[in-house]
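For reference, the structure discussed in these notes is given below.
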Amino acid sequence: MKPTAIKTPGRVTFAVLLVGLAIAVWQPPASAQQGLGASRTSVAREVTVTVTPVKLASLEWEFKVVLDTHAGELTDEIASKSLLLVDGKARQPIAWEGTGSGGHHREGILRFAAPEGNVGNMELRLQRPGEPIPRVFRWELPTGR
């Protein structure tokens with residue numbers, strides 16, 4: 001009986017397998033999957049506010065809102081003090097799901113009813129206590145959202 005030779009994969013085969021595995025395992029971030037813009041951040045009066053669109057579905061739009069400070073308590077009434085302008089038309093939030101008032105860090109999801117039809121741009125305004133003008137976060141959406 002003849003011994004059977006064991007073949008080992010060559011470098012090219014190994015590289016192809018490695019690249020294939022990386023493509024199969026890697027998932028783009030949710031924002032890339034949804035065609036959404038990046039986070040927007042505003043820093044003023046020792047408070048950082050970051051807003052990220054996380055879902056622009058046919059029924060609801062969701063924005064992750066994060067507030068951070070080391071100078072006092074965050075008492076923002078996020079749902080009642082937010083407004084979404086979609087192509088210039090104002091929309092009130094339908095829900096806030098996140099941490100309550102107080103503390104130095106707050107985060108959650110701010111939900112809005114989705115507008116009908118194609119959208120070109122959106123602007124989220126968040127009015128903070130003691131600030132004379134709202135924080136403004138803007139995005140331009142890809143055609144055909």
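- Closest heavy-atom contact between Ile94 and Glu60: CD1-OE2, 3.6 Å.
- Counting heavy atoms from C-beta on, the side chains of Arg40 and Phe63 never come closer than 4.5 Å.
- Proximity of Met122 to Leu124: side-chain heavy atoms (C-beta onward) are nowhere separated by under 4.5 Å.
- From Leu84, atom CG reaches atom CZ of Phe112 across 5.0 Å, with rounding to the nearest 0.5 Å.
- Side-chain atoms of His104 come within 3.5 Å of backbone N or O of Gly72 as a donor-acceptor pair.
- With a 4.5 Å cut-off on side-chain heavy atoms, Val51 and Trp139 count as touching.
- With a 4.5 Å cut-off on side-chain heavy atoms, Val49 and Thr41 do not count as touching.
- Once rounded to the nearest 0.5 Å, the distance linking CD of Gln127 with CD1 of Ile133 reads 8.5 Å.
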For side-chain contact (heavy atoms from CB on, under 4.5 Å), just list the numbers for Glu123 and Asn121, CA-CA rounded to whole Å, side-chain angles, deciding distance to a tenth of an Å, and then say yes or no.
CA-CA 7 Å; Glu123 178 178 297; Asn121 60 63; 6.0 Å; no

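- Side chain of Glu73 to backbone of Gly103: a donor-acceptor contact under 3.5 angstrom is found.
- Between Trp61 and Val86 the shortest side-chain heavy-atom distance falls below 4.5 Å.
- Inter-residue side-chain proximity for Pro134 and Leu126 is flagged as unmet; no heavy-atom pair is nearer than 4.5 Å.
- Of all the heavy atoms in Pro53 and Ala38, the pair that sits closest is CD-O, 4.1 Å.
- Nearest heavy atom pair, residue Arg106 against residue Trp96, reads NH2-NE1, 4.0 Å.
- Two residues are said to be in side-chain contact when any heavy atoms from C-beta on lie closer than 4.5 Å; Leu74 and Val47 meet this criterion.
- Expressed to the nearest 0.5 Å, how far NZ of Lys55 lies from NZ of Lys64 amounts to 16.0 Å.
- Judged by distance alone, the side chain of Arg135 and the main-chain N or O of Thr50 form no donor-acceptor pair under 3.5 Å.
- When atom types are taken as modelled, the side chain of Asp87 and the backbone of Gly120 share a donor-acceptor pair closer than 3.5 angstrom.
- The heavy-atom pair separating Arg128 from Leu67 by the smallest distance is NE-CD2, 3.9 Å.
- Closest approach of Ala79 and Leu110 over heavy atoms only: CA-CD1, 4.2 Å.
- Each of Thr52, Val54, Val66 was compared with Ser39 under the side chain to side chain contact (heavy atoms under 4.5 Å, CB included) criterion, and only Thr52 meets it.
- Gln92 is listed as a side-chain neighbour of Leu83, based on a closest heavy-atom distance under 4.5 Å.
- When all heavy atoms are compared, the tightest approach of Ala114 to Ser58 is CB-O, 3.3 Å.
- Side-chain contact annotation: Thr75 with Ser101, donor-acceptor N/O pair under 3.5 Å absent.
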